[in-house]
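Structure first, commentary second.
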There are 2 protein chains.
Amino acid sequence: MPRWESGSAERLTRIAMELFAEKGFEETSVVEIAKRARVTTRTFFRYFPDKREVLFAESDGLRAALVERIRQAPDDEPLAVVLGALAGFDWDTLGREAQRQRHAVIAANPELLERDLSKQNDIAVAFTDALQQRGVDAAVARLTSRVGLQVFGVAYERWLSAGDADLAGIVAETMALLSRTASARAG
Amino acid sequence: MPRWESGSAERLTRIAMELFAEKGFEETSVVEIAKRARVTTRTFFRYFPDKREVLFAESDGLRAALVERIRQAPDDEPLAVVLGALAGFDWDTLGREAQRQRHAVIAANPELLERDLSKQNDIAVAFTDALQQRGVDAAVARLTSRVGLQVFGVAYERWLSAGDADLAGIVAETMALLSRTASARAG
DNA sequence: CCGATGATGTCGCGTCGTGACATCACCATA
DNA sequence: TATGGTGATGTCACGACGCGACATCATCGG
């Protein structure tokens, strides 16, 4: 039999999530998380570069999957490509309720929100790169990646709080909302 | 004569900026900044809640000034109001070269970039609130604040790296770029 | 049976950030 | 002039974060 229990990373993420939800992020120490997971804090930091990152373990994979969708997307206008990649992704496989709880934990803490914004930015940068590889002009790629992610972000939050609405539908509505005012010029 | 030199906060920000530019953010400790400013680290943390914040001392004032511009803006479409407030602000008073250097320091460090994104988000939230007080629908306010800030952000970066171009002009161009593709629908 | 591998533990350390209390120039006021 | 308040700073102690270096030991291939 193994010297230690296996699945330390999984155990750490699960326990951290629970504790953050129970008593908040700042009030939970790494020592406490590690203790409950029956490892040392040193082991915690071997799996996660810092305390916040324990809530973003899947973000690399998610970003890669989304970028892949950009690459595979049929030829279309850049903004449509970005929104299509985001809206077409099967978010339900991540668990709607899990995403709701995760979102609540993050929104409740400025440090976590900050990290979340950073991850979104990473996605935007990766999108920009992918679009350019598809031949999109650099300036257009930067702009559409960032704007597209904001449009999707607004829609996503509405989807999370909504009962059972279709995400793609909400994204389309949100985009329509923008189109209506996007002809505006700076004063 | 005073027991201590006055202007500790100003001294700390200036020295911190210098050190971050010289040897990077992570490689500079608060002890070092405080030592050069001839105060204790305890004093540093009385002025700034954490090490990063020393580079964002003016952000509260900037946000307030921008929100005020939203409030005073003539009646127009929400996105135009947001872009007008941002593009019309007199950024040159902050010192073009100073902004360039600050931007470089921030871009060179993930922790600072993260904090910067958080500050931009604070502005977006404040804009959303201000727009709603002008009677704009909540969903539209959220969307236009966030999208407007991204459009401006792209333009601003171009303005910083540009020689002498007019910011308002770049913003208008960037917005035109978006309008051209904003009629796209999510696939 | 043995040596390599890999996950974990142990130890020590520097940095970050805070609470509590002490100090002391300055200022108002009696 | 004396007295007491105010505000900026210092001092001290402390817990939490995060990392480098090295030790341990089950497992696995040869």
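Residue numbers begin at 1 in each chain, while the letters A, B, ... track the order of the sequences.
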Lys/Arg N to Asp/Glu carboxylate O, B/Arg14 vs B/Glu10, below 4.0 Å:
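Yes, B/Arg14 and B/Glu10 are salt-bridged.
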
Is a salt bridge present between A/Glu58 and A/Arg102, judged by a nitrogen-to-oxygen distance below 4.0 Å?
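Judged by the 4.0 Å cut-off on N to carboxylate O distance, A/Glu58 and A/Arg102 do not form a salt bridge.
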
Whole angstroms only, please: what is the [atom1]-[atom2] distance between [X] and [N]?
{"X": "A/Ile33", "N": "D/dA16", "atom1": "CD1", "atom2": "P", "value": "12 Å"}
{"X": "A/Lys35", "N": "D/dC17", "atom1": "NZ", "atom2": "P", "value": "12 Å"}
{"X": "B/Arg11", "N": "D/dA8", "atom1": "CZ", "atom2": "P", "value": "14 Å"}
{"X": "A/Leu12", "N": "C/dA7", "atom1": "CG", "atom2": "P", "value": "14 Å"}
{"X": "B/Glu27", "N": "C/dG14", "atom1": "CD", "atom2": "C1'", "value": "14 Å"}

Just to confirm, is there a sub-4.0 Å distance from OP1 or OP2 of C/dT8 to any side-chain nitrogen or oxygen of A/Ser8?
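Looking at the OP1 and OP2 atoms of C/dT8, one of them is under 4.0 Å from a side-chain N or O of A/Ser8.
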
I want to check something: taking the side chain as every heavy atom from C-beta on, are A/Arg142 and A/Gln132 in contact at a cut-off of under 4.5 Å?
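Answer no - side chains too far apart.
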
Tell me if a side-chain donor or acceptor on A/Thr43 pairs with a main-chain N or O of A/Val39 at a distance below 3.5 Å.
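No; zero donor-acceptor contacts below 3.5 Å.
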
Going by heavy atoms closer than 4.0 Å, what residues in residues 40-60 of chain B are next to DNA chain C?
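Result for residues 40-60 of chain B: B/Arg42, B/Phe45, B/Arg46, B/Pro49, B/Asp50, B/Lys51, sorted by number.
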
Residue pair A/Arg11 / A/Ser8, side-chain donor-acceptor N/O under 3.5 Å
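Short answer, yes.
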
Donor-acceptor pairs are to be reported for all side-chain atoms of residues 83-93 of chain A against protein atoms at under 3.5 Å, with residues two or more places apart or in another chain.
residue, atom, partner, partner atom, Å
A/Asp90, OD1, A/Asp92, N, 3.4
A/Trp91, NE1, A/Leu86, O, 2.8
A/Thr93, OG1, A/Asp90, O, 2.8

